[in-house]
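For reference, the structure discussed in these notes is given below.
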Amino acid sequence: MKQKGEARLRASPFCLVHNNVRTQALWDNYAMNTTLLSGLNPPQQQAVTLPHQSALILAGAGSGKTRVLTTRIAYLISTGTVSPHGILAVTFTNKAAKEMITRLTSMLPINTRGMWIGTFHGLCNRMLRAHFREANLPQTFQILDSGDQLSAIKRVMKAMNIDDKKFIPREVQNFISGSKEQGLRANDVEAYDPYTRRKVEIFAEYDAQCQREGVVDFSELLLRSYELLSRNAAIREHYQARFKHILVDEFQDTNPLQYRWLKLLAGKDNALFAVGDDDQSIYAFRGANVGNMQELLRDFHVENVIKLEQNYRSHGNILDAANALISNNQNRLGKELWTAESGGEPLRVYEAPTDVEEANFIVSEIQQLKSEGINLREIALLYRSNAQSRVLEHSLVSAGLSYRVYGGLRFFERQEIKHALAYLRVMENTDDDNALLRIINFPTRGIGARSIEQLQEVAKMNNTTLFDAAARAGGKVSAFVGMIVAMRSATRELPLPEIIGHVLNESGLIAHYSNETGAKKREAEERLENLNELLNAATLFVHENEDDSLTSFLSHASLEAGEHQAGDQDDALHLMTVHASKGLEFHSVFITGMEEGLFPHQNSQHMEDGLGEERRLMYVAITRARRRLYLTFAQSRMLHGQTNSAMVSSFMRELPEELLHWITPRLAPRSAFKPAYAPYPTQHAVADYAAPAKRPADMSGWRIGQNVEHAKFGEGVVLSVEGNGADARVQVQFRKTGSKWLSLEYAKLTAL
DNA sequence: CGCACGTGGTTTTTT
DNA sequence: ACCACGTGCG
């Protein structure tokens, strides 16, 4: 066994010899490392065993990215290259961080304590808690989630007397977060027009308000941490001396601020090990900058990019389709997936007349798959936008198939949970006006809008927080203050779950929901269950965390809004957006709504590299499938209450025909195009429906899919036909001018 | 205070 | 079509 491992290592050009330091520890762990490395392919081994230098690992879908990342850490530690203390591993989601810890625990005989493994936000929070004074924050600073941030912005705008019609709070929020993600404070933003200047003023006021109230939003966690490191040499040097190895997952998703944060921590001596896939960059819309990959190569003098191109997930045809599609993108770092598996099945394509029929087809296929023994949990229905799930759900319910929709409201975002947490937050930090406003009159205790306004005026006049103003008020307001103070002293010595139990009762939340009757009864019962679940979450938290303080739990609640729900066990279909599917895999995948305007989405056209991002999204969707992939589309679909006709997605034409099996009659072959127009036929949705045998010409003489020419509008394709005789109208999608309804009595249409 | 009605928005979303 | 949110009335 040992011999075999040794032979393999010798045979590999990427063996331990890379590591020039022949430490005793290395030798001791030789056997262990052969185990660690066995089963890795050569590029994976090369990545895992790289010497102390910065590296970019281009890891394709299903190429063992997480495995390489965790094995790298295990390798560094077991060879004695670095102690756990010197490891910083960063992810984007809590799920990914947990996964990494779980895998490491199973690989290493030591526990992961000492390493910093977590999300960007989690780690920044940790750092700010450790240096709250230097970061100019109260010890018990609270974290605003996006909802909290939005209400805080609305409050600022109200105080500034700003018309929320002219300045839409949501947009201001994007502006503020967007700026911070670029590393910009209000006075760093260059504003050349009055509108932007006003937004900058709101930005500045908002930050001032957050500072007064002792709260930070998500991007503030990062920015504040970045500023702490850049301004405080002692702290910066401390962490630079500590984290010899910095490892980043999903590097293509980093925003400019996150990249600067990483650079600062890496300093000039530490190794940044970045794993990512430019072809799976699908979060540009929220500030991710794929360009960071090229910058990394330059800034860190990365000499060799290691590519992980062997895919262990999908059959050949699926990969071939993905490769063909993504090859249409520009400026790729370059990478082509391959597999040792055979070609497998062709991709199945289905064209439905309507979205409802598309859903019905999917249901019947699922029933077929089910009868073949495929578990429902191994099947995913993917769509570009959430609105599409509705029709699918309807059909699934009728067919009695169980399913789970991902991406709904999460646990800590539920109203009743937010209320309960708000009580706890005010107890922790009375300056948190956001939290105070949420609960001062919930459950209702006779403190109306008028009283609250008065409080706000008093607070503003005396330059204090609402709680201080409330403490000086009388009547019901002072009763409220008394309640908070009493809660705080009554729970001072209690363990976390008991603190929460006390607050749930004393606040009147339990009583409030218990008293609901009539139409709201059911809803209230569910809310009570969730409050009970909050107690369970607290109990679990105490078990799992060393620091089981209330502050720590509240951070946890903000940073980890809670995995979607329990119920992972039951065998149910997965319904989700393509975005949400990243990182997952299924035996069978349905990519639904393959229509121009939907996927690629219409709005992507106005954005730089919008089509490229949509194509990457499609690439992600395709590569989720292990064995079987369906692509379905509908000629007409109900959207925003209106039935729309659409052409098939231009992406369909980017898939090699020989990989496709058309269940419905297939589209006209590529030769039917005249590529005289734009390089991508998206703007001028190209006419390419073959005459489907099933749909004969109707009384009007025109049939759907017919290629036509109009004297004025040029070439197009018939999307639908309506009415007869003098009333007959046809809807035509023209290459150049979009779709139009034409009355057949007047329009001069010629068949092509 | 709570309900009824009106309005705006509806690509993707983690922290 | 549908949902979330805000305002105004009883």
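Letters A, B, ... mirror the listed sequences (proteins, then strands); counts begin at 1.
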Do we count A:His121 as stacking onto B:dT15 if the rule is ring centres under 5.5 Å and planes under 30°?
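By the stated criterion, A:His121 and B:dT15 do not stack.
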Specify the separation, in whole Å, of atom [atom1] of [X] and atom [atom2] of [N].
X	N	atom1	atom2	answer
A:Lys165	B:dG9	NZ	P	9 Å
A:Arg126	B:dT15	CZ	C1'	17 Å
A:Glu181	B:dT15	CD	C1'	10 Å
A:Leu598	B:dT11	CG	C1'	9 Å
A:Glu613	B:dT11	CD	C1'	11 Å
A:Phe92	B:dT15	CZ	P	11 Å
A:Asp253	B:dT15	CG	C1'	13 Å
A:Lys98	B:dT14	NZ	C1'	14 Å

Any [X] side-chain N or O less than 4.0 Å from OP1/OP2 of [N]:
X	N	result
A:Arg390	C:dC3	yes
A:Arg410	B:dT15	yes
A:Lys154	C:dG6	yes
A:Asn441	B:dC1	yes
A:Thr577	B:dT13	yes

Out of [options], which has the shortest distance to the side chain of [X]?
X	options	answer
A:Ile168	B:dT15, B:dT13, B:dG9	B:dG9
A:Asn94	B:dC1, B:dT13, B:dT15	B:dT15
A:Phe285	B:dT11, B:dT14, B:dT12	B:dT12
A:Asn386	B:dT11, C:dC5, B:dT12	B:dT12
A:Thr93	B:dT14, B:dG2, B:dT12	B:dT14

Can you check the distance between B:dT11 and C:dG6, where both ends of the measurement are the C1' atom (answer in whole Å)?
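That atom pair is separated by 25 Å.
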Could you give the distance separating C:dC5 and B:dT12 at their C1' atoms, to the nearest angstrom?
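Rounded to whole Å, the distance is 22 Å.
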Distance in Å, A:Asn329 CG paired with A:Glu613 CD, rounded so as to fall on 0.5 Å steps
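The CG atom of A:Asn329 sits 10.0 Å away from the CD atom of A:Glu613.
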Check this for me, if you would: do A:Glu213 and A:Arg425 make a salt bridge, where the nitrogen-to-carboxylate-oxygen distance has to be below 4.0 angstrom?
no
Please determine whether a side-chain nitrogen of the Lys or Arg among A:Lys418 and A:Glu413 lies less than 4.0 Å from a carboxylate oxygen of the Asp or Glu.
no
A:Arg170 atom CZ, neighbour heavy-atom count above 12 within 6.0 Å
no
Starting from the 5' end of DNA chain B, give me the residue, A:Gly448 or A:Ser385, whose nearest nucleotide shows up first.
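The 5'-side residue here is A:Gly448.
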Contacts of A:Asn603 and A:Glu413 projected onto DNA chain B by closest heavy atom; the upstream (5') one is A:Asn603
N/O donor-acceptor pair, side chain A:Thr119 with base B:dT14, under 3.5 angstrom
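A donor-acceptor contact between them is absent.
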May I ask you to say what A:Met607 touches in the nucleic acid, namely base, sugar-phosphate or nothing, with a heavy-atom cut-off under 4.0 Å?
base
Sugar-phosphate only, base, or nothing, as touched by A:Ser558 at under 4.0 Å among non-hydrogen atoms
nothing
Treating A:Glu358 as the side-chain partner and A:Pro353 as the backbone partner, does any N or O pair qualify as donor plus acceptor under 3.5 Å?
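Here the side-chain-to-backbone pair does not exist.
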Quick check: A:Phe132 with A:Phe141 (ring centres under 6.0 Å apart)?
no
